[in-house]
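Atoms within each ligand, like the ligands themselves, are counted from 1 in listed order. The figures here come from the full heavy-atom set of this structure, side chains too, leaving out hydrogens, waters and symmetry mates.
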Amino acid sequence: MTATITLVQGDITRQSADAIVNAANSSLLGGGGVDGAIHRRGGPEILAECRALRASLPHSRLRSSGGTPIGRGLPTGQAVATTAGRLDARWVIHTVGPVHQASGGDPALLASCYREALRVADELGARTVAFPAISTGVYRWPMDDAARIAVETVRDTPTAVEEVRFVLFDDRAYEAFVRQLG
Ligand code: APR
């Protein structure tokens, strides 16, 4: 089965859903945009679980000049879950979107965020999942292309999730997703 897609214009941190997806960065330590909003409204429990997850991640591919691995990171396109803290949800699923410039606009990496988030949602037993428009802010992915990849990937991914709700922050994003749903 695939999920029913719905669109909402608004703030994802005010949504009620089994899982809310965060457009995180590989550090999992928060940031601006959706990431900042989720941590601000969700509270410190989310960051505490992110830190614990980081400690369990294999060394990232990042290496210092001496060739030794530095830091730990969640690779682009992968997803992990934590508590949703004070948000009206059971889980936050953190996924790391591709930076448009650095990835050369490779759609597979952005598609992986949606596919992996749905895989994690299925592992959790989530039935409603709210997504932001991943990579379309700081990571500067062109909105129409990001909306196309998001909608196509959700339509092509078998899942037990019943509703995928795209929560778009502004008119530009909302209209781009409306165009994709046709
Ligand atoms: N609810 C829904 N959508 C939001 C919200 C919100 N509260 N805040 C921002 N957005 C929208 C933005 O308008 C954009 O369309 O989410 C989309 C993704 O933008 P970003 O949050 O900047 O995420 P992204 O482009 O994936 O960049 C990720 O930004 O915040 C940092 O730590 C994050 O380094 C990571 C990078």
Side-chain angles (χ1 to χ4, degrees), residues 5-17 19-44 46-47 49-51 53-54 57 60 62 71-82 84-89 91-117 120 128-151 153-154 163-181:
I5 293 176
T6 58
L7 303 184
V8 165
Q9 185 167 342
D11 177 346
I12 200 167
T13 67
R14 294 185 179 280
Q15 289 295 311
S16 175
I20 289 175
V21 176
N22 181 22
N25 60 58
S26 62
S27 78
L28 292 178
L29 296 179
V34 175
D35 202 1
I38 283 175
H39 282 283
R40 251 191 322 278
R41 186 175 293 278
I46 300 176
L47 185 59
E49 286 197 15
C50 284
R51 287 191 192 283
L53 278 170
R54 258 174 69 83
L57 290 173
S60 71
L62 299 177
R72 298 172 185 278
L74 183 68
T76 298
Q78 293 192 16
V80 290
T82 65
R86 303 187 199 116
L87 299 179
D88 190 7
W91 303 282
V92 170
I93 296 174
H94 307 263
T95 188
V96 180
V99 179
H100 188 253
Q101 181 78 25
S103 66
D106 176 4
L109 282 172
L110 184 54
S112 175
C113 291
Y114 292 96
R115 195 174 308 111
E116 285 301 300
V120 171
T128 55
V129 180
F131 279 94
I134 298 166
S135 287
T136 61
V138 167
Y139 287 177
R140 303 187 62 72
W141 204 285
M143 184 62 76
D144 280 316
D145 193 41
R148 176 184 61 80
I149 294 165
V151 170
T153 305
V154 170
E163 181 199 2
V164 161
R165 189 180 319 146
F166 288 112
V167 183
L168 293 326
F169 207 41
D170 54 34
D171 294 341
R172 181 176 73 98
Y174 185 79
E175 283 149 21
F177 276 75
V178 167
R179 282 194 294 275
Q180 288 308 320
L181 290 187

I'd like to know if the side chain of R179 and the backbone of R148 have a donor-acceptor N/O pair within less than 3.5 Å.
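No, the answer is negative, given that no donor and acceptor are paired below the 3.5 Å cut-off.
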
N25 side chain to V96 main-chain N or O, any donor-acceptor pair under 3.5 Å?
no

May I ask you to identify the nearest protein heavy atom to [atom], giving residue, atom name and distance to one decimal place in Å?
atom: atom 16 (O) of ligand 1; result: V34 CG2, 3.1 Å
atom: atom 25 (O) of ligand 1; result: G137 N, 2.8 Å
atom: atom 31 (C) of ligand 1; result: G32 N, 3.6 Å
atom: atom 35 (C) of ligand 1; result: Y139 OH, 3.5 Å
atom: atom 23 (O) of ligand 1; result: A23 CB, 3.7 Å
atom: atom 15 (O) of ligand 1; result: T136 OG1, 2.7 Å
atom: atom 3 (N) of ligand 1; result: F169 CB, 3.5 Å
atom: atom 18 (C) of ligand 1; result: A133 O, 3.3 Å

Kindly give the heavy-atom pair with the smallest separation between [X] and [Y], and that separation in Å.
X: G85; Y: I46; result: N-CG1, 4.0 Å
X: V34; Y: V21; result: CG1-O, 4.3 Å
X: D144; Y: Q180; result: O-NE2, 3.7 Å
X: A146; Y: T136; result: CB-CG2, 3.3 Å

Which option, D35, V99, T95, owns the non-hydrogen atom nearest atom 33 (C) of ligand 1?
D35

Which atoms of ligand 1 sit under 4.0 Å from any heavy atom of [X]?
X: D11; result: 1 (N), 6 (C), 7 (N)
X: G10; result: 1 (N), 2 (C)
X: I12; result: 1 (N), 2 (C), 6 (C)
X: G31; result: 30 (O), 32 (O)
X: A37; result: 7 (N)
X: N25; result: 32 (O), 33 (C), 34 (O), 35 (C)

Heavy-atom contact under 4.0 Å between S135 and ligand 1?
yes

Would you check whether S27 reaches within less than 4.0 Å of ligand 1, judged by its heavy atoms?
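Per 4.0 Å heavy-atom rule, S27 does not contact ligand 1.
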
How many angstroms lie between atom CD of Q9 and atom CG of D170, to the nearest 0.5 angstrom?
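Here the interatomic distance stands at 6.5 Å.
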
Within the 4.5 Å heavy-atom criterion, are [X] and [Y] side-chain neighbours or not?
X: R14; Y: R41; answer: yes
X: I12; Y: F169; answer: no
X: T76; Y: S26; answer: no

Can you find a side-chain donor-acceptor pair between E116 and T95 that sits under 3.5 Å?
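Checked: E116/T95 side chains show no N/O donor-acceptor pair below 3.5 Å.
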
Mind checking whether L168 has an N or O less than 3.5 Å away from an N or O of ligand 1?
no

Considering all protein heavy atoms, does one lie under 4.0 Å from atom 12 (C) of ligand 1?
no

In a table with atom names and distances, give each donor-acceptor pair under 3.5 Å that connects a side chain of residues 104-114 to protein atoms at least two apart or in another chain.
residue: D106; atom: OD1; partner: A108; partner atom: N; Å: 2.9
residue: S112; atom: OG; partner: G77; partner atom: O; Å: 2.6
residue: Y114; atom: OH; partner: I134; partner atom: N; Å: 3.2

